Structures are given as C-alpha cells and as structure tokens.
Amino acid sequence: MKQGDLLHSGKAKSVYRTDDPGVYIMKFRDDITAFDGEKKDTLCGKGVYNAEVSSFFFRYLEEHGIRTHYLESTEPGTMAVRALEMIPLEVIVRNIAAGSLVRKYPFREGEPLDPPVIIIDYKSDALHDPMLNDDLVFALHLATPEELDLIKATALAINEILREYLDARGITLVDFKLEFGRDNGDIVVGDEISMDSMRLWEKETGASLDKDVYRFSKGDVMETYAAAARRILSPSGGETA
Ligand code: C5P
C-alpha cells in the first residue's frame, strides 16, 4: 500500500490517501494540544505510544464484536484504516465525574456516575465543540434516530469492554471520547482511543495516566504515556507499570 496525498490534518493526527480508495493511512504526530488548542507542544515519541495503544484497543474491540476502522499497523506511529464517512460528533462516555463535567455542573470530582453518562458534542473547532442533544443531532441532520441509538449503544458496550480490561490492569476508566463514521451505511468506530482521548486513573494512587498530566502540568508527560502504554499493552492483568 502506497501513502498518497494528505487528506486531512488535525491537531495531533494526519490522514493520507493510499492507492486503494477504501483505505487511508492515519499518522499519529508528536503534537499535543489542550484547552481548545491554546496550549501546544511537540513531544518526541508521543505519536508512537498513542498509535500502539489505539491499534491495540481497536483490535481488542474487533475481537469483542465491535466494528472499527482499524485494518493494520503499518510502521510505528501509523495505522491503516478503512475510509469512513465521518460523523462530526464527539461521543464522550463518563464513569466518574471529572474535567469539564465538574467545571460546568455541580458534580464533585471523583463522584461515580452510575449509570454512565453520555455527552455528545458537535465536532467543530470554529464553534468550540458545543454540546448537542438528540433533537439538535436530528435538526442538524448529523445522524438518524436509528444511527444515534446505535452510536449510544455501541459507546456503552465499548465502555464495558474497556472498563473491565483496564480494571484488570490497575487502571480506572474515568471517561473517554469516541468518534464514529459510516461504511456503506454501517456505523463504525473511527479516530483513536488513546491517552489523548481517555481519562485514566491509577487505581492504587489516583494518579493520572493520560493527557491531564499535560493539561495541568502534573509531571513528565512522556514518562506517563510510556507507563500507561506499558500497562495497557501488558498481556496479563495485575502487572504494575
Ligand atoms: O474535557 P472533558 O472533561 O470534557 O473531556 C472528557 C473526555 O473526552 C476526556 O477523556 C478527554 O480527553 C476526551 N476529549 C477528547 N477530545 C475532545 C474533548 C474531550 O478526546 N475534543
């Protein structure tokens, strides 16, 4: 498969066409941003960790019956993905109150959310990703009621699968963001599932193992990403970083 023209460049990833119109190459760059792009840096090696973790989670979800865009890992920091018609929604599943939920609503940080809370934002840098509700999704023709039902059910199923997997490795899945696309009418998980898009707390210490370390300058970001990747990719549960 040959890498072709750049199709899209986001804040931390670039997507390239290939000689197969149904396949794209997703490159995880070393760029990291926070607070709507206000804080920006480049951290050498970050892209490789996020690509490894994303590729692993996509393969794991496929093994558990969830359709994703993942095809294969090509070289470090990249993955070959199915070309999807992306739906501009950011679907966030929250098990524990943290981040913007605590800033915007009267939750205490660390408060369990049972059942989990799904929040759906409109993916638009220009509009700063405003929160949607079902009526707005339909009024904006972003998804049909059937598609939205499937998106929510899939997000909750993924939450259960990842929560159990991470729990066995000493990690609490606090929240995470998913994006979805269409492949011949089917709803498929796209984008990434990595330390940039999840909030992960070490069970024993409560320490962050994710982008919060960068957002709030809580420590060495690359050491944190390396430790998170090592734990997530460890074959058996119970191993420490
Ligand atoms: O900032 P907030 O608390 O709303 O983020 C919730 C979760 O969604 C976090 O895990 C965060 O990393 C992820 N997220 C993301 N991309 C965004 C917004 C949030 O990956 N644009």
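Fair warning: this is a prediction, and the values are worked out from it, not measured in the lab. Just so you know, ligand 1 is whichever comes first in the structure, and atom 1 is the first atom listed for that ligand.
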Heavy-atom contact check, 4.0 Å cutoff: does [X] meet ligand 1?
X: M198; answer: yes
X: R94; answer: yes
X: D196; answer: yes
X: E179; answer: no

Taking [X] for the side chain and [Y] for the main chain, is one N or O donor matched with an acceptor at less than 3.5 Å?
X: D20; Y: G22; result: yes
X: D212; Y: R215; result: no
X: D30; Y: K46; result: yes
X: T78; Y: E75; result: yes

Distance-only polar pair, side chains of T172 and R199, donor-acceptor under 3.5 Å: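 No.
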Please report the shortest heavy-atom distance between S194 and V53, naming the atom on each side.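 That closest heavy-atom pairing would be CA-CG1, 4.1 Å.
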What's the shortest heavy-atom distance between I96 and L113, and which atoms?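 Scanning both residues, the minimum pair turns out to be C-CD1, 3.7 Å.
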Can you pull out the closest protein heavy atom to [atom]? Residue, atom name and distance to 0.1 Å, please.
atom: atom 4 (O) of ligand 1; answer: S100 OG, 2.5 Å
atom: atom 11 (C) of ligand 1; answer: R215 NH2, 3.5 Å
atom: atom 7 (C) of ligand 1; answer: D175 OD1, 3.3 Å
atom: atom 19 (C) of ligand 1; answer: I92 CD1, 4.2 Å
atom: atom 18 (C) of ligand 1; answer: E90 OE1, 3.6 Å
atom: atom 14 (N) of ligand 1; answer: K177 CB, 3.8 Å

Hey, does R199 come in under 3.5 Å of ligand 1, counting only N/O atoms on both sides?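 Among all N and O atoms of R199, at least one is under 3.5 Å from an N or O of ligand 1.
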Run the numbers for me: atoms of ligand 1, each under 4.0 Å from some heavy atom of G99, listed by number.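 What qualifies from ligand 1 is 3 (O).
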What atoms in ligand 1 come closer than 4.0 Å to a heavy atom of D129?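 Counting atoms of ligand 1 from 1, those under 4.0 Å from D129 are 21 (N).
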Ring center gap for Y165 and F56 short of 6.0 angstrom: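 Ring-ring flag for Y165/F56: true, centres closer than 6.0 Å.
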Give a yes/no verdict on a cation-pi contact between K39 and Y214, requiring under 6.0 Å between NZ or CZ and the six-membered ring centre and an angle within 45° of the axis.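 Flagged: K39 positioned over aromatic ring of Y214.
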